[in-house]
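Note sheet for the following structure.
Residue numbers run from 1 in the order of the sequence given. As the structure lists them, so they are numbered: ligands from 1, and atoms in each ligand from 1.
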Amino acid sequence: MSYPQPKPGVLKIGRYVQGQSEIAGIENPIKLSSNESSAGPSPAAVEAYQRAGQLLNRYPDGAQTRLRRAIADVYNLDAERIICGNGSDELLALFIRAYAGEGDQVLLSENGFVMCRIHATGQGSEVVIAPERNYLVDVDALLDRVTDKTRVVIIANPNNPTGTYLPTDELKRLHEGLPKDVLFIIDGAYAEYVMRDDYDDGLALVDKLENVVVTRTFSKIYGLPSLRIGWAYCPEKVVDAVQRIRTPFNTNGPALAAAAAAVKDTAYTKQLCEQNAQWLERITRCLSELGLFVVPSVTNFYLIRFPGSQNKTAQGAADYLQSQAIIPRPVGGEGDNHLRITVGSDHENEAVLQALTEYMQA
Ligand SMILES: *Cc1c(COP(=O)(O)O)cnc(C)c1O
C-alpha cells in the first residue's frame with residue numbers, strides 16, 4: 001500500500017465518546033453527565049491559576065517540584081515517588097506504554113476507565129476483561145484471567161459507573177494473588193470522596209510493594225478537569241521507567257499552580273466530601289421510595305437501575321430529565337436500564353429528584 005499505515009492496534013480503537021454537554025434549545029442545562037464538581041475548585045486554586053497566568057511566556061517547572069511537595073505534605077507521601085500528568089489519563093497511558101507491548105496482555109475489570117482499553121489496544125496489547133458481579137469488581141474473575149502474558153492489571157477503586165468500592169480485605173486478596181512482576185494499577189479518581197473504615201486507597205501499599213501504583217486526579221473533587229492534571233504514586237523503579245518517557249512539560253504552569261493550591265485547601269475538600277455524602281444518602285432514600293434501585297455509592301455519582309416494566313426505562317427517564325434541562329449519562333448500550341447521574345449542587349439535586357418523581361409517578 002502506498003500510504004502510511006498506523007500500527008496494527010490503532011485502527012482497532014473505537015473513538016472515545018465524551019459525556020453530553022448540551023441540549024438543543026436549552027440554555028445552561030444542568031450537566032450531570034461527567035462527574036464534575038458543581039461547586040468548582042477552591043478559591044485559592046483559582047487565585048493561583050490567575051497568578052500563573054501572568055507567566056505564560058515561561059516554560060513550566062518540568063520537575064513539578066512544588067506540586068509534588070504539596071501532595072506529599074497533605075497525603076504524607078514521599079515526594080520523590082510522585083509523578084504528575086496531563087490528567088490521570090496521561091499517567092495511565094504512560095504506565096501502559098512503559099510496561100505493555102505487542103503480544104502482552106493488559107487485564108482490566110469490566111467497567112474500568114474506557115481510556116485504559118484504548119491505550120492498551122494502541123500498544124498492540126491484548127485487552128482481557130474480567131466481568132464484574134453485582135456491580136462490584138470481582139477479584140476471582142480477575143485472578144482467574146492472569147496468564148504468563150499479563151503485564152498490567154488495572155482497577156478503579158471506587159469504580160465507575162457503579163460508584164462501589166472494593167473493601168480492604170478484597171483489595172489485599174487481589175494484590176496478593178497477582179504475580180510480583182505484574183504492575184497493579186489502582187485508579188483512585190474518586191478516592192477523596194470515600195468515608196468508609198474498610199476502604200484502602202492503596203497509597204500505603206505503594207510504600208510496601210514493588211508492583212503497586214496508585215493514580216489520582218484533580219478532575220473530580222478538586223474541580224479542575226479543564227486544566228488536565230493528575231498524579232501517581234509509584235515504587236522507585238516505576239518512577240524511573242516512566243520519567244524516561246514522560247515529556248518534560250506534560251503539565252502546564254497554571255495547572256501545576258492551581259493543583260498545588262487546591263490540594264492544600266483541605267478544609268474545602270472536607271466540606272465538599274461531607275456535603276456529597278449527605279446528598280448521596282438523601283438521594284438514595286428518595287429514589288428507593290420511588291421504586292428505583294440505586295447502587296450503593298461512595299463517590300460523587302450514583303447509578304440508578306430502572307425497573308423496565310410499566311414503561312419506566314432508563315431511556316424514558318433520560319428523555320424526561322432532558323426535557324427538564326438535566327443531562328444524565330446513559331451507560332451500557334441500547335436497552336440497558338441504568339443511568340449514571342453526578343451529585344450536583346443543592347438546586348441541581350433537587351431538580352433531579354423532582355424530575356424523577358414526576359417521571360416515576362406519571
Ligand atoms: C474521571 C475519571 C478519571 C479522571 O481522569 P483525568 O484524566 O484525570 O481527568 C480517571 N479514572 C476514572 C475511572 C474516572 O472516572
Side-chain angles (χ1 to χ4, degrees), residues 16-21 31-38 40-41 45 64 67 71 82-97 106 108-120 127 129-130 132 135-137 152-166 184-194 199 201-202 213-233 242 246-247 250-252 255-256 258-259 262-263 272 276 295 297-303 328-332 338 340-344:
Y16 180 80
V17 184
Q18 190 172 13
Q20 187 188 334
S21 60
K31 186 184 177 223
L32 300 176
S33 54
S34 299
N35 303 340
E36 293 152 333
S37 165
S38 291
Q64 309 169 327
L67 177 55
I71 295 167
I82 295 171
I83 304 177
C84 304
N86 197 260
S88 49
D89 191 7
E90 184 202 19
L91 293 163
L92 291 164
L94 286 170
F95 293 124
I96 292 170
R97 266 177 58 207
V106 173
L108 308 174
S109 189
E110 184 179 338
N111 278 315
F113 200 25
V114 217
M115 285 311 299
C116 295
R117 294 189 199 198
I118 293 181
H119 300 314
V127 176
I129 304 286
E132 294 179 3
Y135 301 103
L136 290 171
V137 167
V152 180
V153 174
I154 309 173
I155 64 163
N157 197 31
N159 203 6
N160 178 8
T162 55
T164 59
Y165 70 105
L166 207 54
F184 176 38
I185 303 178
I186 303 168
D187 173 354
Y190 301 96
E192 297 85 2
Y193 287 104
V194 188
Y199 171 72
D201 61 16
V213 163
V214 169
T215 60
R216 301 282 284 258
T217 186
F218 285 96
S219 298
K220 302 289 158 58
I221 204 163
Y222 293 110
L224 298 169
S226 182
L227 293 184
R228 312 305 307 128
I229 182 98
W231 57 281
Y233 194 48
V242 170
R246 177 177 72 88
T247 56
N250 61 328
T251 50
N252 68 75
L256 289 167
V263 77
L272 292 186
N276 183 74
V295 179
S297 170
V298 292
T299 62
N300 69 333
F301 59 87
Y302 46 99
L303 187 66
R329 175 88 153 193
V331 299
H338 296 85
R340 191 193 72 188
I341 302 180
T342 308
V343 177

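Minimum interatomic distance between Ala232 and Leu91 (heavy atoms only, all atoms of both residues): N-CD1, 3.7 Å. Counting all heavy atoms, side chain and backbone alike, Val331 lies closest to Pro161 at CG1-CB, 3.9 Å.
Using a 4.0 Å cut-off to heavy atoms of Ser219, the atoms of ligand 1 that qualify are 6 (P), 8 (O), 9 (O). Under a 4.0 Å criterion applied to the non-hydrogen atoms of Gly87, ligand 1 contributes the atoms 7 (O), 8 (O). Near Ala189, the atoms of ligand 1 lying under 4.0 angstrom from a non-hydrogen atom of the residue are 2 (C), 3 (C), 10 (C), 11 (N), 12 (C), 14 (C).
Distances from atom 10 (C) of ligand 1 to the heavy atoms of Asp187, Asp89, Thr217, Asn35 show the closest one on Asp187. Closest heavy-atom approach to atom 3 (C) of ligand 1 within the set Arg228, Lys220, Glu36: this belongs to Lys220.
Look at Glu192 and Arg216 and you find a salt bridge, because one of the NZ, NE, NH1 or NH2 atoms lies within 4.0 Å of a carboxylate O, short of that distance.
Assignment of Tyr190 to the shell around ligand 1 is supported, since a heavy atom sits closer than 4.0 Å.
Remark: the backbone N or O of Thr299 is paired with a side-chain donor or acceptor of Asn276 at under 3.5 angstrom. With Glu90 contributing its side chain and Gly85 its backbone, the two residues share no donor-acceptor pair below 3.5 Å.
Protein heavy atom closest to atom 5 (O) of ligand 1, with residue, atom name and distance, is Ser88 OG, 3.3 Å.
Between Phe301 and Tyr190, a ring centre-to-centre spacing shorter than 6.0 Å is recorded.
Ligand 1 has no nitrogen or oxygen under 3.5 angstrom from a nitrogen or oxygen of Asn86.
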